[in-house]
Asks: 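Submitted below is the structure of interest, expressed as C-alpha cells.
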Amino acid sequence: MIVNKIVRVRIAPSPTGDAHVGHARTALYDYLFAKQRGGTFVLRIDDTDTARNTATSEEGVYRGLRWLGLEWDEGPDKGGAYGPYRQSERLDIYGHYVNELLASGKAYECYCTAAELEAERQAQIEAKDHPRYSGKCCNLTAEDKGHLQAEGRVPTVRLKVISGIVGFTDLVRGWIEADTSLMGDFIILKSSGIPVYNFATVIDDHLMEMTHVTRGAEHIANTFNQLLTYKALGWTAPHFAHFSIMLNEDRSKMSKRKGATFLGQYAEMGYLPEAMLNFLAFLGWSPGGTEEEIYTLEQLQKLFSLERCTVSNAVFDIKKLDWINAKWIRILSPEDLASRLVPFLRKADLLGEDVDMEFLTQVTRLIQERLPRLDEAATACTTFLREPAVPVDELRQLLGDNDAQVCISAVIDSLESVDWDEAEIEQAIRRIQEQLGWSTKVYYMFLRLAVMGSKVSPPLFSSMAVLGKEKVLSRMQRTAASLY
RNA sequence: GGCGCGUUAGUCUAGUGGUCAGGACGCCGCCCUCUCAAGGCGGAAUCACGGGUUCGAGUCCCGUACGCGCUACCA
C-alpha cells in the first residue's frame, strides 16, 4: 500500500501517430484524477518501438494535449525531477535493472530466433495447447551460449515467470486475477538492447514514483506481466485503474483507419476544445446525482472520480459531440467566438489579413445560435462578407402574381429615410407589408431572397441592421434589375 | 483456440434487492416564428438469453450467446 504520498499520474503515449481521441480521453481522466487530488500530471513518451515512432507525432501529442488544455507538470519538453521523460533516453537505466535480474537468476538470456519461436507457437496451437514460450533457454551453460553466439545469434532477455495466481484491485473494476502458468517466460529486453514496453513502463512508473497507473482497458492483460516484474524487482506496485475502451460506430475499436480519430481532425472540423473535453469526459464516466451535462475542465476536476468510471466499452457518437459543440458555441462570448472563426473564414477565402473585428462580432452574434461547428461559419457568414448572386429562379417561383417592382420600390423608399436601427427597420418593413397586403410568408421570403440571397438566413431585421443601409438598398435595387 | 473484461432504448448513461427503470443525444409530432436555428411541450424506443437464490432481481450466483481486449523481440 502506498500511503501519504502526493498523487503522481502519468500519460504515456507512444509517438506512433497523431494525438488520438482515445489517448485524449485517457489523458483527460489522468489529468482530472491527478489535479483533483492536488497531484502531479506527468507526460512520458514511451518510444521504445524504434520501428514505428516518429518525431512529428511527438509534436502532435503535445499539440493535442495543449489544445485541450491538459498541461502537464513534468515532461520531455519541460523537464522535472524524474527525467529524462523519453524512454529512448533511459536505456542505461533499464539495462541496469536487466543486469540485476540476470545476476539474481530471475531472468535469463534467450537465443531463440523469431522463426523458431513461431514454429514452437504453431505446434502448440495445433496441439490445442496454450501458446507460450517453453523456457528452453532457461538453463543454458556458458558453453552453450558461446556456441549460439558464434552462430551470430543475439539474445533477448526473458523474465522467469513463477506459476501461480497474480491479481490486483482495479480502482474501477475491483479484483482482477490471472493464472501465470498460462503465460510463459516473457521478453523484457529485445535483442536490439531496447526493453519491451511492459518492462520499461514498470521501471519508469516505479522510478518516477507513480502512485496510480490509470489507463485504457487494453492494458489489463499487460498488468499481470507488470505485476510479475514488480515482484521480481522487489518493488511495490502502484494502484491500477483501467478505463473502458472507445469504439467506432460499428463497435470496433477506434482505429486510425476509420473515420476521424485524431484530435487535429476535430479541430479542423470546427469542434471546440471545450466541447471535445466535455464530450470525452462523459464517454466512460458520469457525475451521478445531476442531469447537467455541460462542464468546464475546472468543474470536471472537482466532480471526477474513478469509482464513477464506466466499465463497459463506449461508442464514440459524433451526433452527441455535435450537440455539445453547439451548446459550447452558444456559451462563448460573441467576441471570443468571432476570433475563433477568423481562421475558418480565411480558409474559405472570405477574409483577408485585415479583419474588421467589430463587424465580424456583429455578424457572429447573428449566426452564433445556429452554428453547430466553426467550419460552418463560412456558409453562414458568406452573405455578410460577400455580395451574393441574385437567386432569380427562386424569386420568380416565389412571386407568382405579386409585383416585385412595386414591393421593392416601396421598401426602398421607406428604408431610405430610416434611422439605421433594428427597431426602426422592423417598423418600416411591417408598414409596407400592410400597405401591400402581401402574405407574411411570401413577403418576408421575398425580402430575404432579395437582400440575403438565400432562403435561409438569420432574422431579417437584425441582419439588415448589421449589413448596413447602403448594402441593403443596393442589393434590393440589384434584385429589382435582375427581375426584368 | 486460450485467458481476461464487459452486456440497461440506435448511442452515452442513472440505477448497488421493492422506482410507472430516470436523464441526455438522435428520431417523430406539436407550440413559438419572417426562413433556419435556439427554446418549450409531448411521443415511440431499453434491463442479451436461460437457469437459480429470494416474499420480491436490471441489481446477487451459475451457464449460454454476443462484443471487445490480450495472446509480439507493438504500445
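As the structure is a computational prediction, the values presented were derived from the model and not from experiment. Order of the sequence lines sets the chain letters (A, B, ...), proteins ahead of strands, with each chain counted from 1.
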Asks: Taking the basic N atoms (NZ, or NE/NH1/NH2) and the acidic carboxylate oxygens, is any pair closer than 4.0 Å for Arg340(A) and Glu274(A)?
Replies: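 Yes, this pair counts.
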
Asks: Tell me which one of Ser463(A), Ser457(A), Pro388(A), Ser454(A) satisfies side-chain contact (heavy atoms from CB on, under 4.5 Å) with Thr383(A).
Replies: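 With Thr383(A) as partner, Ser463(A), Ser457(A), Pro388(A), Ser454(A) yield a single side-chain contact (heavy atoms from CB on, under 4.5 Å), made by Pro388(A).
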
Asks: Under 3.5 Å, is there any donor-acceptor pair linking the side chain of Asn198(A) to the base of A75(B)?
Replies: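 No pair found.
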
Asks: Spell out yes or no: do the side chain of Arg173(A) and the base of C5(B) have one donor N/O and one acceptor N/O closer than 3.5 Å?
Replies: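 Such a pair does not exist between side chain and base.
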
Asks: Does G67(B) have OP1 or OP2 under 4.0 Å away from a side-chain N or O of Ser312(A)?
Replies: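 For G67(B), neither OP1 nor OP2 has a side-chain N or O of Ser312(A) closer than 4.0 Å.
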
Asks: In this structure, which one of Ile318(A), Leu321(A), Asp322(A) forms a side-chain contact (heavy atoms from CB on, under 4.5 Å) with Phe279(A)?
Replies: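 That would be Leu321(A).
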
Asks: Is any side-chain nitrogen or oxygen of Lys320(A) closer than 4.0 Å to OP1 or OP2 of G10(B)?
Replies: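 The answer is no; no side-chain N or O of Lys320(A) sits under 4.0 Å from OP1 or OP2.
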
Asks: Report the base-pairing partner of U7(B) (Watson-Crick or G-U wobble, both distances below 3.5 angstrom), or none.
Replies: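 With both distances under 3.5 Å, U7(B) matches A65(B).
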
Asks: Between G69(B) and G63(B), how far is it from one C1' atom to the other, in whole Å?
Replies: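 So the two C1' atoms sit 22 Å from each other.
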
Asks: Where the side chain of Thr310(A) is defined as all heavy atoms beyond and including C-beta, which of A75(B), G4(B), U13(B) is the nearest nucleotide?
Replies: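 The answer is U13(B).
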
Asks: Can Lys327(A) and Glu293(A) be counted as an ion pair, charged N to O under 4.0 angstrom?
Replies: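 No, Lys327(A) and Glu293(A) are not salt-bridged.
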
Asks: Does OP1 or OP2 of C74(B) have a side-chain N or O of Lys190(A) closer than 4.0 Å?
Replies: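 Result: yes.
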
Asks: So that I can tick it off, tell me whether Glu426(A) and Arg430(A) are bridged by a salt bridge, with the cut-off set at under 4.0 angstrom between side-chain N and carboxylate O.
Replies: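 Yes.
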
Asks: Check RNA chain B against residues 440-448 of chain A and give the residues with a non-hydrogen atom under 4.0 Å, in numerical order.
Replies: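 RNA chain B contact set from residues 440-448 of chain A: Thr440(A), Lys441(A), Tyr444(A), Met445(A), Arg448(A).
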
Asks: Do you know which of Val213(A), Thr214(A), Val42(A), Leu43(A) makes side-chain contact (heavy atoms from CB on, under 4.5 Å) with Asp30(A)?
Replies: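 When side-chain contact (heavy atoms from CB on, under 4.5 Å) is applied between Asp30(A) and each of Val213(A), Thr214(A), Val42(A), Leu43(A), only Thr214(A) qualifies.
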
Asks: Side-chain N or O of Ser191(A) less than 4.0 angstrom from OP1 or OP2 on C73(B)?
Replies: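 Negative; the distance criterion is not met.
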
Asks: Looking at Arg308(A), does any N or O in its side chain come under 4.0 Å of the phosphate oxygens OP1/OP2 on G15(B)?
Replies: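 Yes, such a contact exists.
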
